[in-house]
Structures are given as C-alpha cells and as structure tokens.
2 protein chains.
Amino acid sequence: MSKINLKNLASELELSISTVSKALRDSYEIGHDTKKRVLEKAKELGYRANPYARYMRHHKSKTIAIVIPEMVNSFFLQVINGAESIAREKDYHLLIYITHEDAQKEISIINHLQNGRVDGIIMSLSSTVKDYSHLTECINNNIPIIFFDRICHEIETVKITTDDFTSGFIATEHLIQNGCRNIAYLSISENLSIDNKRMQGYIEALTKYDIGFDKSKIIKCNTDDKSNYRQIKKLLTGPAKIDGIFSSIEKFALTTYNVCRDLKIKIPEEIKIICFSNLLTADFLNPSLTTITQPANEMGATAASQLFKYLDKKRMEIPNENIIIKSKLMARGSTVA
Amino acid sequence: MSKINLKNLASELELSISTVSKALRDSYEIGHDTKKRVLEKAKELGYRANPYARYMRHHKSKTIAIVIPEMVNSFFLQVINGAESIAREKDYHLLIYITHEDAQKEISIINHLQNGRVDGIIMSLSSTVKDYSHLTECINNNIPIIFFDRICHEIETVKITTDDFTSGFIATEHLIQNGCRNIAYLSISENLSIDNKRMQGYIEALTKYDIGFDKSKIIKCNTDDKSNYRQIKKLLTGPAKIDGIFSSIEKFALTTYNVCRDLKIKIPEEIKIICFSNLLTADFLNPSLTTITQPANEMGATAASQLFKYLDKKRMEIPNENIIIKSKLMARGSTVA
DNA sequence: TTTATTTACGAAAACGTAGTAGTTATTTAA
DNA sequence: TTAAATAACTACTACGTTTTCGTAAATAAA
C-alpha cells in the first residue's frame, strides 16, 4: 500500500471512513475499543492526514510566508530564525521568499500568495517599492501582512520595528561625542521609513550639537555594490573632510571599510564608523565595528507570534499597532580609540 | 465576493465550471470568444486557482523543503539563497526548517513532511543524528531527499558536497607550508561524513609531510559554545604547543579567535588558523581569516535543480550520485604573515 | 411493555479543481 | 436527404478530509 489514507485505513479495519476519521480525532461518538483499534492500526501503517485535503475543509493552510529583501544579511537571517522557532512551536509551516530588493519580484511574490497558499505573511519591504497596492490588495483578500523592520506606514496592521529614530540619534550622538563633526549618513533608500527615521535621528543629533546639516552628506546608496563603493570613495576623497560615517545598514559599512583600506584611511583615527548591524563577527573585525544591534531574533519571533494571535481568531481584524523593540549601541573599535 | 473561485467565476459569466476551467487552461474544446471573455473576467475579479484544490487532483504540492541544522551560518544562508532562486524560477515554493543540530527535532520535522506537504526535500544532516531510519522511511514514502554538504552515505540518492578530503588536505598542507608542525583539528561531529573526510585530508597531509598524527590534537567540539571555548583554551595552554588550527566549520574558528584574544596569543605569529567558511567578512577580520570557501550558493542551486529534475519525471527513480563542487582556498592574514 | 434516550456507528455531502464522458447544434460527407 | 463528423459546451466524478445527518441497537424511563 503506497499511499495510506483514511480509505485504506478504514477498509483495513473494516470500518467506515467516518468512524476512522472520528476515532483519530478522539470524537465522543466513537467507542473506546474502536478508538484504540484505529489508533493502533494508524500507527502501524504510518497514517498521516494529508494537509491539503484538510485545507479543503477548513481553509487553513497552517502555513505562513516570510518575505525578505535579501538573504545575505545577518539581520534577516536572525529574524528567520526567530520566526521559524515560533512557527514550529505553533505547528505552522514557514515559506521563504526573497525579493532581492526588486519591486517587481516583491509584487509577483505577493500576488502568488493570494490564492490561499498561506494564512498570513510577515515581511520587510523591498527598498525599491514605491507603490503599495499589491500589499493592500493582499490584505483586502484576507491575507494579513505583518511588517517588521522595513514597515509600511500607509497600511493599517501590526508593525514591528526597533526605535529607529532614537537609535539614529544615539548613533550620531555617539560619533559626535567621540569627536566627529563632519558626519555622513549612508542611506539605504528614501522609500523606506526606517531610513527616514534613522536619518531624522541623525539630523536631530546634529541639531542638538549645533552641527549644520548638509544635504550633500546624505549618500543615497543602492543595491549595486560597485556604485556604492564609488560614491563612498568620492565622499571620502572629496572636500567635505568626513570624519564620521553613520550607515543605515551593515553592507554599506563594510563597503566603507573597503574604501578606507584602499585609500589607507585609518579607522577610527581618521574616520569613525557606526552602523545598524547584527553581524556576529562585528567584534572580530579590524577594527571591531561599533553597531546599533537590533533584537533581530526577537523581532522575527514577535512578528510570527503577532500573526498567529490573529490567525487563531475567527474574524480577523488586525489593529494598527506599532510594536517597538529597542536596539542596543555596542561601542567598539571603529568609533572608540 | 470575498473568495473568488471557479464557481463564482462561472456563475458570473453564466457558464459552467468546466467551461471556465477549460478556458483558463486554454483547452481546444472552448471557443475563441468564450476564452477571451473568461480570461478577461478572471483578470477583472482577480481569480487565482487554489493550490490546495489543485493538489487534490494532481498530488503535486509544488513545494519543497529545505532542512538545515542551523540558521546563523554563512554557508547555510547562501545555500538557501541558491535554492530559493531555483525554486522561484521553477515556480516551486520553499519551506524552511531548522533542526538546531538536534536529532529529535530533525526526526520530528522529517516525519511531519511525509504527508504530502512537500514533493521533495533538500537537506543537510544534523550533527547529532546517528540513525537514519527517519530518512529512509521518508524516501520509501516516495518523498525524495537530496543531501548537500552533510550528506548521508548510507542512503542512495543524489548528494552534493564539496571536495572535503582534498580541501582538508590542502588546508592542512597550507598550514604546514606556512611553518606549522603542531596542527590541531577542530571536529564538528564524528557522525558526519564531511567531518571524517576533512579529517582524513588533514591526516593525509600530516603523513605526506612526515608529521606524526596525534589523536589528542583532534578536538571534538559540539553545539555548546562555552564548552568549545574551554576545550580550545585547554588545547592552546596545554603541552602540545599547537601552532596551527584547522577548523571544520567557521564557528569554532571564531571561538579560537576569542580564545587567542583572551590568552593574548598572536595570530598568525604564534598560531595560524584556517577553516571552512563562507563568511563575507572573512577579509575584514582581525586578522583576516584564511578560509576554505565552499560554493554555497551553487550547492543550494544544484541541490534544488537536481531535485526538480526528478520531480518532473513520472516515476521517481533517484540514482545514487555524488556531485562534487570544488572549494577554494582563500589565503589571508590568519595563516600568512 | 411501551416510549424515550443514549451509544456507536455509517452514508453522504462539501471544499475547489480538472478531466472524462456526455450532449446539443452545426457543418461536412455520403 | 441522411449519416457522420466536428465544434462548443455541460454534468458529473474524484482527490482525502471532516462533519452533518441518519439509523440501528442497546439502555433507561414511563
């Protein structure tokens, strides 16, 4: 017997399909002895209820998706880790999709998830997304989306972020307190609210310390590493005499390390660097990298938990809620001598 | 109309369900005008075929699982990246499961995947797994498993690895050629064939250069970081005068960096370190880390491609095949002055 | 003893899709 | 003019579960 299903089981036990089904679900309608017999046979034959047939009855896929912009990023992998733990705990399954920071891919992925394949989505926006109609459509189709980190303010739902404004402020203040006066901000994308908030924090700190905000010190990086390298190189060789860099994400900080090495600029003596990052090797870098470390694992776990909270309910009515989990400044060698 | 399905569509168009279904699949039985009308209405109402109902007809879930021992590891995340790309390309969906190096979790996960939820699995063994019955059972249940990196020799299937023996040999030879004579090997688990092969390569290199093999220089690490730290500390403060470390995985190398820092042992002057790793920051570490870099992305993509190759076929008959993709030695500061 | 209730089971329908087997109406061949 | 072929559509079934409804037998209440 290749595929063992209720029908096979029933005929093997000389019972009806309904009886077997009920016995397996421990229904009060079935006698004790019969239940025992069914359970034993099911175990013997290795019966496992087919999840897709089950879906047909309840319209619950017991599956959620996590949609992230990129894989090679210590933040996202920790988020996945957190989300996967909660999913397994709740007996849910986790599908993974990577947008590669491509709006088209994100749209395509979200569209493909609106056919009942998943009960809900946790995601972080791609940096190139400007229009949110694919997301609102998805939610209107009763597939809830919970955002983490790169959230979408325009959509009413649960959003999990860190305290980006405050962290941006603290990061910049840290540079200032360590002697920087010409601080550049490496921006990931003006489309993203986290970027704006981190930058607002940066500007606020500059203001507090009476340092003029100079728009030319906002470097708009993108997904092209080489172009970022050139931009940063230009910045550091330019007239601005940059002595501090606050990077919105870790990738740009590493590119900055690269540029500094090539230009023989000494960190932290000539320039200090701080960035948002969850790199486990931050402490071992040369010099060790000062980071704003986000509670990535917790954010992933929270996103998943929040989603399940609403999936369990009959009528899904996801409130607009901002859950903020604080980041930590980890001062290291790239900012402190 | 909340959920739009074939039935709704049909009644909206005043056609039968079969006609609509056939029109959508571009059947020759349906007239040109009708097809057009159906397509337009389907688009207008945003019809999307339910994947689970589809499964009921074809018994194809269009879903595969990737099962990995841990998330926070640059190798596995690149593998996922590669696998996800191929999956999307083929219009498949990728479920992710993390065993956390726990045999019980691995067994539980594999058991849960034998109910038709996935068409196939790509996986890397957990280090604590000694018995393979859950895997053979899974394959007997017609769910093919393709292994990558931490493969299972005892099971006949496609296995994707790097040239572990040769790489182990080259790594050790590299240490020897840079002056090491007392080389320790940090073993991940004697259960894993990659560990044995890497170690065999290590032993072979020692033999070639007439360096006696000393069993006490094989350090059996595990999943407990603190215990590993203690073991390595003991090794480096012991009488063996270790001047070279070959670590089977990157985590132990980083622990060694930690130990060296705490003991003020200079890398590479007093001790040289090489390890299998895909760390993107290897170049920025202090000192930069010499690695055997595996083609992780390619391994993930190959694993997925191979799986799809057999899933497409009617009768799945997966041959026993070893696909070996070569690693590269990246000599850096931890072994070269 | 008769009627009501409980116990333990089975028949059948439904979920959404896709394919098989009809069924008209129209066109072509004999 | 009739038979055969084709075009364009529909009815119905199956996939594996779960659940509603039904029913017979056993037990309890009247």
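Nothing here was measured: the structure is a model prediction, and the numbers come from that model. Just so we're on the same page: letters track the sequence lines, and every chain starts at 1.
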**Request:** Mind calculating the distance between CZ (Arg37(A)) and C1' (dC9(C)) to the nearest angstrom?
**Result:** 12 Å
**Message:** Quick check on the helix from dT1(C)-dA30(D) to dA30(C)-dT1(D): what's the angle between its two end axes, five base pairs per end, to the nearest 10°?
**Reply:** 60°
**Asked** Nucleotide range of DNA chain D contacted by chain B, 5' to 3', under 4.0 Å to a heavy atom?
**Response** dA8(D) to dG16(D)
**Item:** Contact letters for nucleotides 13-18 of chain C, in which S counts primed atoms plus P, OP1 and OP2 and B counts the base, heavy atoms under 4.0 Å
**Value:** -BBBBB
**Request:** Keeping to residues at least two apart or across chains, list the salt bridge (Lys or Arg N to Asp or Glu O under 4.0 Å) pairs with something in residues 120-140 of chain A.
**Result:** Glu137(A)-Arg48(B)
**Prompt:** If each of Lys22(B) and Glu29(A) is mapped to the nucleotide of DNA chain C with the nearest heavy atom, which maps nearer the 5' terminus, i.e. the 5' end?
**Reply:** Glu29(A)
**Message:** For residues 86-101 of chain B, which residue pairs pass the salt bridge (Lys or Arg N to Asp or Glu O under 4.0 Å) check, not counting sequence neighbours?
**Reply:** Glu101(B)-Arg150(B)
**Request:** Name all residues meeting the ring-ring contact (aromatic ring centres under 6.0 Å, His included) criterion together with Phe308(A); count only those two or more places apart in sequence or in a different chain, and write none if there are none.
**Result:** Tyr92(A)
**Item:** Candidate pair Tyr97(B) and His93(A), rule ring-ring contact (aromatic ring centres under 6.0 Å, His included), full reasoning
**Value:** CA-CA 8 Å; Tyr97(B) 298 91; His93(A) 300 258; 5.8 Å; yes
**Request:** Would you please name every residue forming a ring-ring contact (aromatic ring centres under 6.0 Å, His included) with Tyr52(B), sequence neighbours left out?
**Result:** Tyr52(A), Tyr55(A)
**Message:** According to side chain to side chain donor-acceptor pair (under 3.5 Å), who are the partners of Thr136(A), at least two apart in sequence or on a separate chain?
**Reply:** none
**Message:** List the residues meeting salt bridge (Lys or Arg N to Asp or Glu O under 4.0 Å) with Glu29(B), not counting sequence neighbours, and say none if there are none.
**Reply:** Lys22(B)
**Asked** Reckon Thr34(B) touches a base, only the sugar-phosphate, or nothing at all at heavy-atom distances under 4.0 Å?
**Response** sugar-phosphate
**Prompt:** Going by the salt bridge (Lys or Arg N to Asp or Glu O under 4.0 Å) test, which pairs reach into residues 301-311 of chain A, not counting sequence neighbours?
**Reply:** none
**Prompt:** Taking only side-chain nitrogens and oxygens of Thr19(A), does any of them come within less than 4.0 Å of OP1 or OP2 of dC9(C)?
**Reply:** no
**With sequence neighbours excluded, residues passing ring-ring contact (aromatic ring centres under 6.0 Å, His included) with His58(B)** = none
**Asked** Sequence neighbours excluded, which residues qualify as salt bridge (Lys or Arg N to Asp or Glu O under 4.0 Å) partners of Lys35(A)?
**Response** Asp26(A)
